[in-house]
**Student:** 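A single structure is presented below for examination.
One-based numbering, in listed order, for ligands and for the atoms of each. What's counted below: heavy atoms across the whole structure, side chains too, no hydrogens, waters or symmetry copies. Owing to the predicted nature of the structure, the values given are computational and were not obtained by experimental measurement.
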Amino acid sequence: MKFLVIGGAGYIGSHFIYEAIEQGYQCIALDNLSEGHRQALHPDCDFVEGDLLDLQLLKKVIVDVNPDAVFHFAAYALVGESVSDPSKYYRNNVEGVRTLLEAMREQCPQTPLVFSSTCAVFGVPESLPMKENDPKKPISPYGRSKLMAEYLIEDYANAYGIKGMALRYFNACGAHESARIGEAHRCETHLIPNVIKSTLGGKPLVIFGDVFDTPDGTCVRDYIHVKDLAIAHIKAAEILIKKPKGFYDVYQLGTGQGYSNLEIVKTIEKVVGRPVEFSYGDPRPGDPPALYTAVEKAREGLGFEAQYSSLDYIIRTAIAWHEAHPDGF
Ligand code: UDP
């Protein structure tokens, strides 16, 4: 089976491709390399450098590849940047998805689309754990752009028979067991890489806020290893392939277990075997106190349960990657 992976050179896309190739699938990545890295591509993955907004290119690639499933990982994902430059986010994350849907509608209307979404579609949740159908009130252009893209896929499924699934991730983290690929963002804003980098001589760590309404006052998040995300995508595609045209559904991917920022720092201290220096700063605008998902729907509908998302495995694989690649790719 052949997978067309849009955004395949990015953090989650590249881990998906490693997993898919290890499971025997053939992969073709399309990426504009604005955030992704050519070095992140598996050596057996074919690569087309190009942009999601290029309808003619997408149509040509779909005809050439004739994929069994299409995966979309090609979104911009920095909340702060989405506030200062919403145009960039709506163009790529919404218009890009619409362009992809147009190309698929014309060239491969029966081929499933598995879409990366996010728990940021909820904004500040009204209740925990968060369920797929809970009310959605995104508080950033990033979260809104992802919710709009979910609606686009659902509407194209209803009207034109596209088959789609949106997978809403909680906090993606960790690295490939081999340490050949890992988290390498142009601008690193995430907690785990920032803690690890601070222990390797990088910027001193600041924990954003210690007076949240949580057990230790720091924010609580649901961390899921990128290998688990990759496995869930493959399951999603296999299920979608068998569904009738027009099928659409949404699943959330996390462990259901929340860890506080302080617990993350303490666990990293334990693994590296020395204290992590940090200070408390102001809360980051738009950070909800706690986010963790209900896992029942993904368990029942996808047969998915996180297997590689113990904090220990997440942190060990992330440390191995950062130690092997202190400056990224
Ligand atoms: N965070 C922090 N210091 C950092 C980076 C992140 O205290 O250098 C906090 C952030 O405010 C949030 C949690 O860590 O409470 C997880 O943030 P991250 O950016 O990793 O993921 P998010 O939940 O925002 O998607």
**Student:** With respect to F208, determine whether any N or O atom, backbone or side chain, lies less than 3.5 Å from an N or O atom of ligand 1.
**Tutor:**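 For ligand 1, there is an N or O atom that lies under 3.5 Å from one belonging to F208.
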**Student:** Considering only the protein, which heavy-atom contact is closest to atom 5 (C) of ligand 1, and what is its distance?
**Tutor:** T189 O, 3.2 Å
**Student:** Would R284 and D287 pass as an ion pair if we require N to O under 4.0 Å?
**Tutor:**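 Between D287 and R284 there is a salt bridge, with a charged N closer than 4.0 Å to a carboxylate O.
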**Student:** Looking at C219, which atoms of ligand 1 are within less than 4.0 Å of one of its heavy atoms?
**Tutor:** 15 (O)
**Student:** Backbone or side chain, does any N or O of Y223 fall under 3.5 Å from an N or O of ligand 1?
**Tutor:** no
**Student:** Can you tell me which portion of N171 lies within the under-4.0 Å heavy-atom range of ligand 1? Options are side chain, backbone, both, or neither.
**Tutor:** side chain
**Student:** Check the hydrophobic clustering (I, L, V, M, F, W, Y; side-chain heavy atoms under 4.5 Å; chains of links allowed) and say if I239 and Y25 are grouped together.
**Tutor:** yes
**Student:** Any salt bridge linking E150 with K146? Criterion: basic side-chain nitrogen under 4.0 Å from a carboxylate oxygen.
**Tutor:** no
**Student:** Check whether Y76 forms a cation-pi arrangement with K88 (NZ or CZ under 6.0 Å from the six-membered ring centre, at most 45° off the ring normal).
**Tutor:**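 The answer is yes, since K88 meets both limits relative to Y76.
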**Student:** Quick check, are the ring centers of F73 and H233 under 6.0 angstrom apart?
**Tutor:**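 Yes.
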**Student:** Which of these, N261, L291, I264, has its nearest heavy atom closest to atom 9 (C) of ligand 1?
**Tutor:** N261
**Student:** Does Y251 have K297 sitting over its ring (NZ/CZ under 6.0 Å from centre, angle to axis within 45°)?
**Tutor:**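 K297 over Y251 ring: yes.
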**Student:** To check your reading of the model: name the closest protein heavy atom to atom 8 (O) of ligand 1, its residue, and the distance in Å.
**Tutor:** N194 ND2, 3.0 Å
**Student:** Any idea which part of L191 is under 4.0 Å from ligand 1, heavy-atom wise: side chain, backbone, both or neither?
**Tutor:**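 L191 to ligand 1: contacts from backbone and side chain alike.
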**Student:** Which residue owns the protein heavy atom closest to atom 3 (N) of ligand 1, what's the atom, and how far is it?
**Tutor:** V206 O, 2.8 Å
**Student:** Fit a plane to each ring of H185 and Y11, take the angle between them on a 0 to 90° scale, and name the class: parallel (under 30°), tilted (30 to 60°) or perpendicular (over 60°).
**Tutor:**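 Perpendicular, since the angle between the ring planes exceeds 60°.
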**Student:** Do K227 and Y308 form a cation-pi contact, if we require the NZ or CZ to be under 6.0 Å from the six-membered ring centre and within 45 degrees of the ring's axis?
**Tutor:**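 Relative to the ring axis of Y308, which defines the angle, K227 lies inside both limits.
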**Student:** With heavy-atom distances below 4.0 Å as the criterion, list the atoms of ligand 1 near I207.
**Tutor:**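 Those atoms are 7 (O).
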**Student:** I'd like the name of whichever of K197, R284, R221 reaches closest to atom 18 (P) of ligand 1 through any heavy atom.
**Tutor:**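 When every heavy atom of K197, R284, R221 is considered, R284 comes closest to atom 18 (P) of ligand 1.
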**Student:** Could you tell me whether E126 and K137 have a side-chain N and a carboxylate O separated by less than 4.0 Å?
**Tutor:**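 So E126 pairs with K137 through a salt bridge.
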**Student:** Return a yes/no value for L205: is any of its N or O atoms, backbone included, closer than 3.5 angstrom to an N or O of ligand 1?
**Tutor:**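 Between L205 and ligand 1, no N or O pair is found under 3.5 Å apart.
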**Student:** Report the nearest protein non-hydrogen atom to atom 11 (O) of ligand 1: residue, atom name, distance rounded to 0.1 Å.
**Tutor:**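 Ranking protein heavy atoms by distance from atom 11 (O) of ligand 1, first comes D287 OD2, 2.4 Å.
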